[in-house]
Amino acid sequence: MPMGHTATAEAGSGGLTATEHRLANGLRVVLSEDHLTPVAAVCLWYDVGSRHEVEGRTGLAHLFEHLMFQGSKQVHGNGHFELVQGAGGSLNGTTSFERTNYFETMPTHQLELALWLEADRMGSLLAALDDESMENQRDVVKNERRQRYDNVPYGTAFEKLTALAYPEGHPYHHTPIGSMADLDAATLEDARNFFRTYYAPNNAVLSVVGDIDTEQTLAWVEKYFGSIPSHDGKLPPRDGSLPDVMGTEQRVVLVEEVPARALMAAYRLPHDGTRECDAADLALTVLGGGESSRLHNRLVRRDRTAVAAGFGLLRLAGAPSLGWLDVKTSGGVEVPQIEAAVDEELARFAAEGPTPEEMERAQAQLEREWLDRLGTVAGRADELCRFAVLFGDPQLALTAVDRVLDITAEEVRAAAKARLRPDNRAVLVYEPVATEQSESDSDEEEGADQ
C-alpha cells in the first residue's frame, strides 16, 4: 500500500511497542497493538494551542476545539457525538498551551467509523463552518468560562498566576480559555484562516492503540486521510524562553467570596523533556504529592493550619514549566503563618534533599502514574501523540519512566535549591469577603473585651 515516505520503528518498555508511519501529505501515524480487550483508541493531536495565538485573538484554539464538534461536510450538527456514542464509544477534545487533541475509544469493530469521522472534519470542516455555528459555539465557550472560571471560588487563580509568571507579550501569558472581549471579537474569517493554517495533516499526529490489525488500520488511514492536502502556511510559535529565575517575587492579594483563605504560588521550573524537569517533578512529589508529602504532614497533620496542601508540576515544552503550590487554610489561620511554614520546609529540603525513603516513594508514585496512563488504550494513544508532537519521537513515551527512575537524590536537591525560592515565584493570596455575620461576631468579641 503506498503510504509515502513510510518509516517504521519499534521500541518498547514493559512489553509495549509502537510503529511509526507517514503519509505522503505529511500526516504522522503511530500504531500500538494491544489485544487484551476488544477496544481501540483513536487520538489526533494538532500542533496548535494558545501559544500560537496573537494579541486580540486569544481563545481561538479553544473555540476551534468546540467548532470541530459542530458539524462537517457529511456529518451535520451534533452528528459526531451521536455516531460515536451510538456505536458504543466515548469521545472528547481538549485544548492546552501547546496542542489541541481529539479522541475516541471505540469497540474494535467500529474503529473504521472513528477514523472516517476524524478525517471528514479534518478535510471538510470549512464546508459546514458558517455564522450560525460560529455564534453557537462562541456562546458555549463564553458560558464555559463563566461556569469554570469566573463564577466559582478560586476559579481564575490559574489564569492570574499564569499572567504573573509569564510577562506581558509572552506566548504563555494568557491561558487557552481566552478573554470574553477576544471571544466577542473573533470573526468567521478568523476561524476559517485558523483552520486552514493549523488543521492540516502535516501539522498533526494520529495514534491508534488497542485491538487493531496494523495493516488494515493503515489501509483505512490512507483511504480516509490520504487525499487531504497539506498546508505550508503555518508560522512557528513565538519564542517562549525566559531566564531560569524570575528575579523577584510577583504577589497579588485578592478579596473574594471564597470558603477559606488560600496561598497559591507558581514557581518557574525547567522545560519538559529535560532531566532537570524530571528532577523538579520528583522534588514537588516529595514536597506536596499526596498525604505522605512533607507539606501535607507539616501543615495538615502536625500544625493543623491547613485543610489541604499540594504541590504539582505543569510540564511545558515551549516555555518554562510551572510548579503549582496550593494551600487552603484551616479556620482562622492567617496566610503569613502558612507561608512561613512553607518557606521553612522548602529551605530545609533545598539544604538536605530527600531521604532515601522519600526518593523511593516519589519514584514509585510517578512510576505508578506512568503505568496508569499507558495501561489504558486511550492513555497510551495520548502519550504517543504527546511525545511525537512536542519532542518529535513517540517512542519516548514508552521509556519515560526509565528517565525518572534514573534521577538521583542530589539532582532533586539541586533542582529545589535552584528554583524553589521566594524570588522565583508568582503568589496569589485569597482573603474571604467579610460577611455581616462575621463582622457582627467581631463586634461582639471586641465589646466583651472592653
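The model shown is predicted, which means the values in this text are computed figures rather than measured ones. Computation of the quantities below employed the complete heavy-atom set of this structure, encompassing side-chain atoms and omitting hydrogens, waters and symmetry-equivalent molecules.
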Between [X] and [Y]: side-chain donor-acceptor atoms closer than 3.5 Å:
{"X": "Glu118", "Y": "Tyr224", "result": "no"}
{"X": "Asp120", "Y": "Ser72", "result": "yes"}
{"X": "His174", "Y": "Glu55", "result": "no"}
{"X": "Asp402", "Y": "Thr399", "result": "no"}
{"X": "Gln74", "Y": "Ser124", "result": "no"}
{"X": "Thr94", "Y": "Asn101", "result": "yes"}

How about [X] and [Y]: do any of their side-chain heavy atoms sit closer than 4.5 Å?
{"X": "Asp423", "Y": "Val245", "result": "yes"}
{"X": "Trp220", "Y": "Leu113", "result": "no"}
{"X": "Leu322", "Y": "Tyr166", "result": "yes"}
{"X": "Glu168", "Y": "His173", "result": "yes"}
{"X": "His62", "Y": "Ile177", "result": "yes"}
{"X": "Phe225", "Y": "Pro201", "result": "no"}
{"X": "Met68", "Y": "Leu125", "result": "yes"}
{"X": "Asp211", "Y": "Asp34", "result": "no"}

Is it true that [X] and [Y] have a side-chain N and a carboxylate O under 4.0 angstrom from each other?
{"X": "Lys328", "Y": "Asp326", "value": "yes"}
{"X": "Arg348", "Y": "Glu345", "value": "yes"}
{"X": "Arg268", "Y": "Asp244", "value": "no"}
{"X": "Glu98", "Y": "Arg315", "value": "no"}
{"X": "Arg403", "Y": "Asp281", "value": "no"}
{"X": "Glu411", "Y": "Arg275", "value": "yes"}
{"X": "Glu358", "Y": "Arg294", "value": "yes"}

Discussion item. Using the rule side chain to side chain contact (heavy atoms under 4.5 Å, CB included), only one of Val427, Leu161, Val252 pairs with Met264; which is it?
Written reply: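 Only one of Val427, Leu161, Val252 forms a side chain to side chain contact (heavy atoms under 4.5 Å, CB included) with Met264, namely Leu161.
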
Discussion item. I need the single residue from Thr187, Thr197, Leu126 that forms a side chain to side chain contact (heavy atoms under 4.5 Å, CB included) with Arg192. Which is it?
Written reply: Leu126

Discussion item. Show every salt bridge (charged side-chain N to carboxylate O under 4.0 Å, His left out) that has at least one partner inside residues 177-191, sequence neighbours left out.
Written reply: Arg57-Asp190, Lys142-Asp184, Glu189-Arg196

Worksheet item: How are the rings of Trp324 and Phe158 set relative to one another: parallel (under 30°), tilted (30 to 60°) or perpendicular (over 60°)?
Response: tilted

Fill in: Residues forming a ring-ring contact (aromatic ring centres under 6.0 Å, His included) with Phe194, sequence neighbours excluded
Phe64, Tyr198

Worksheet item: Could you give all pairs that pass the side chain to side chain donor-acceptor pair (under 3.5 Å) test and reach residues 76-86, with sequence neighbours left out?
Response: His80-Glu104

